[in-house]
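Below is one structure, written out as structure tokens, with a few remarks after it.
In what follows, chains carry the letters A, B, and so on, assigned in the order in which the sequence lines appear, proteins first and then strands, with residues in each chain numbered from 1. The shown structure was predicted, so the numbers you read here are calculated from the model rather than taken from an experiment. Because only heavy atoms are used, hydrogens play no part in the values below, and waters and symmetry mates are left out as well, while side chains stay in.
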There are 2 protein chains.
Amino acid sequence: MAKRITSQEDSGPARAVTKEDVARVAGVSHITVSRVINSPDKVAPATREKVLAEIARMGYIPNLLAGGLASRRTRIVAAVVPTIGHSIFAETVRGMSEYLMAHGYQLLLGQSDYSEDIETRLVEAFIGRRVDGLVLTGVQHTPATRQRLRTAGIPVVETWDLTPEPIDMLAGFSNYDAGAAMGDYLVEQGYRRIAFVGGDDPRGVARLAGLSAALKRHRLRAPVRITASPGSFLQGGREAMVTLLEQHRDIDAAFFSNDVIAAGAVLECDRRKVRIPQDIAIAGFANLDIASEINPPLTTVHVSSHRIGETAARMLLARLGGKDAEADTVSDLGFSIVRRGSA
Amino acid sequence: MAKRITSQEDSGPARAVTKEDVARVAGVSHITVSRVINSPDKVAPATREKVLAEIARMGYIPNLLAGGLASRRTRIVAAVVPTIGHSIFAETVRGMSEYLMAHGYQLLLGQSDYSEDIETRLVEAFIGRRVDGLVLTGVQHTPATRQRLRTAGIPVVETWDLTPEPIDMLAGFSNYDAGAAMGDYLVEQGYRRIAFVGGDDPRGVARLAGLSAALKRHRLRAPVRITASPGSFLQGGREAMVTLLEQHRDIDAAFFSNDVIAAGAVLECDRRKVRIPQDIAIAGFANLDIASEINPPLTTVHVSSHRIGETAARMLLARLGGKDAEADTVSDLGFSIVRRGSA
DNA sequence: CTGTTAGCGCGTTCAC
DNA sequence: GTGAACGCGCTAACAG
């Protein structure tokens, strides 16, 4: 339908249409085409229409690589999450992605699999791509990561925790306080011998530390710590509950590192006719859908996974927009204990 | 510690270290530095060591933007998924991301929210970034998307379904056949009045079509179609089950569009003391963790979410590696009915 | 409102 | 084994 512009042979991967091509056909210079795209107001309506028409007709797509190289702005934000397989991080990524997309930015995603070294490699690669900003999960990073980030001088938001010494910006909540709050709550409810079920990621460790501190404050024994096996959360929760039931009969409440693991434990109790919370109380973390739907519904810690991502993106773009003065650099999104039937 | 290379003032965002800088300090030309990075074998060991040492010391990170511009290869692959909030797509993204990362590629991620128009915009942006390859979800795309992709001439893998006319490559399974297979299975089990619970995404529609065809073949009535409300899957499943139980008392089996919705239905039955499968049989889709853990465990359709992503990435990199001859262009990953207690 | 001149940092091609 | 020249496609600064 559209007649071919050049008469060149169809051999080879037909060089992409360039600004020059559009400019030539539209009878203007390439910089005018550039303006039509980047600041349409600065171009006379007539010229603009003509150029726009030509762009559409030729299917011209600006080369953002070249643009980024010249302008030193890529409109790409990179994020490192431990894994996108956990819905809490998936939610965070979703929040970020939505905000970024709505503002003309794109998301480059990396998974660290909870390894700080992989994170370092990812950060290096992202810096190489000259991303405009970077979002990290957690506040614990290798010296190499910090070093790279410092010299690169790009805005960074650390998420999912707080620290007195952030690399740059911060969007999260205190995992330590969350653990302590759940400890206080469980003690208030009358539970005295408490277990913590979770892995050894830094944020889980922080919550355990908070829990321990709370118990200590109440002059109770330190929590029993159970490590859930990796792999399926539901199954890990089941297994942890078996361990609890068979090897720690004195435990009267267990705080799980996330709602899915807790749900697995609930399912195991259901199977064994163990009553919740009479025989053992169960508390989860994150306030996922499953927490309110399972029977009994889970007492848990609500955290704003989606908002963390959205906030991180917003802080980044605010900084990039140059509003350093206004933009806050730390955003404590908080948490809250959600009381339901399980504890 | 490391003495400063240049004596320039510390004002401004200290221009990033460049290949030239490294070359100067190492006493070679920038092309040698380039070789040390891209093809170390072509450089004398002594020079190589010296350059590598200098790279490490100066914290030099190659500008991949410039490299991509010059070489026309970015080592970035982009993917469009409906949403990363559904674990099936999160798994696919995880599989892709892992494979890509292991091979030195990076993943640019976009969410279409099931909108073909958003997909088109994303594809355009990705092409502008000159990604080396593109992974799409599904086989249904706007003419604009197809057009852009054709003229850009970059490798594309469509996933999560099959079609006789792919844009380029294909990694998925037949949703139609999967629906039909589940239909056959349910009929074999003696169910006669069957409902389908799901949304209206193209793949769900294909499964419904398959189911309908199967029922027709068995001379049974067309399936009752229930649309699960969006938002929480578990709750959507509960509500769908309420509808089924209260308004369609003749239904003896329901095929849900995914295991989480099906699990919600199971939870509702549990609450109402409705027996599964005696009072109503339930079948899910995807074979997620929850399918095997819930009580009763779900009969479902197993699909390889993770492998779809991995396969898509592999096909793309194979093509990029130039092995077009060998590389297969269509990968039917199949599905299988997993029989458990619920149907 | 429009055009000209210079790079952005790198890879490619060819020489040496 | 190493280097020089050139251009990738675009934006920034200034000019007109």
Short heteroatom pairs, N/O only, protein and nucleotides 11-15 of chain D, under 3.5 Å:
residue: D/dT11; atom: OP1; partner: A/Asn38; partner atom: ND2; Å: 2.8
residue: D/dT11; atom: OP2; partner: A/Lys19; partner atom: NZ; Å: 3.4
residue: D/dT11; atom: OP2; partner: A/Ser34; partner atom: OG; Å: 2.3

May I have the distance from B/Leu64 (atom CG) to C/dC10 (atom P), rounded to whole angstrom?
-> 9 Å
Starting at CG of B/Leu69 and ending at C1' of C/dC8, how long is that distance when rounded to a whole Å?
-> 9 Å
Could you grab the distance from atom CG of B/Asp132 to atom CZ of B/Arg72, nearest 0.5 Å is fine?
-> 12.0 Å
Does A/Phe89 have any ring pair (Phe, Tyr, Trp, His ring centres under 6.0 Å) partners at least two apart in sequence or in another chain, and if so, which?
-> A/Trp160
Looking at C/dT2, C/dG9, D/dC10, which one has an atom nearest to any side-chain atom of A/Val43?
-> C/dT2
NZ of B/Lys42 versus P of D/dT2: gap in Å, rounded?
-> 13 Å
Nearest whole angstrom, please: distance from the C1' of C/dG9 to the CZ of B/Arg73.
-> 18 Å
When you check the gap from the basic side-chain N to the acidic O, do A/Arg94 and A/Glu91 get nearer than 4.0 Å?
-> yes
Who are the salt bridge (charged side-chain N to carboxylate O under 4.0 Å, His left out) partners of B/Asp168, not counting sequence neighbours?
-> B/Arg319
Sub-4.5 Å side-chain heavy-atom contact between B/Ile308 and B/Ser305 = no
Salt-bridge test for B/Arg57 and B/Glu54: reply yes if a basic N is under 4.0 Å from a carboxylate O, no otherwise.
-> yes
According to a strict under-4.0 Å criterion, is B/Thr47 in side-chain N/O contact with OP1 or OP2 of D/dG1?
-> no
Whole-Å distance, A/Arg130 CZ to C/dC8 P, equals 13 Å
Could you state the OH-P distance from B/Tyr60 to C/dG9, rounded to the nearest angstrom?
-> 10 Å
Integer-rounded Å distance: C/dG9 C1' and A/Leu65 CG | 11 Å
Distance col, row A/Thr142:OG1 vs A/Ile118:CD1, nearest 0.5 angstrom, shows 12.0 Å
Atom NZ of A/Lys50 and atom P of C/dC1 are separated, to the nearest Å, by 19 Å
Residue A/Thr32, side-chain atoms from C-beta onward, closest of C/dT2, C/dC10, C/dC8 | C/dT2
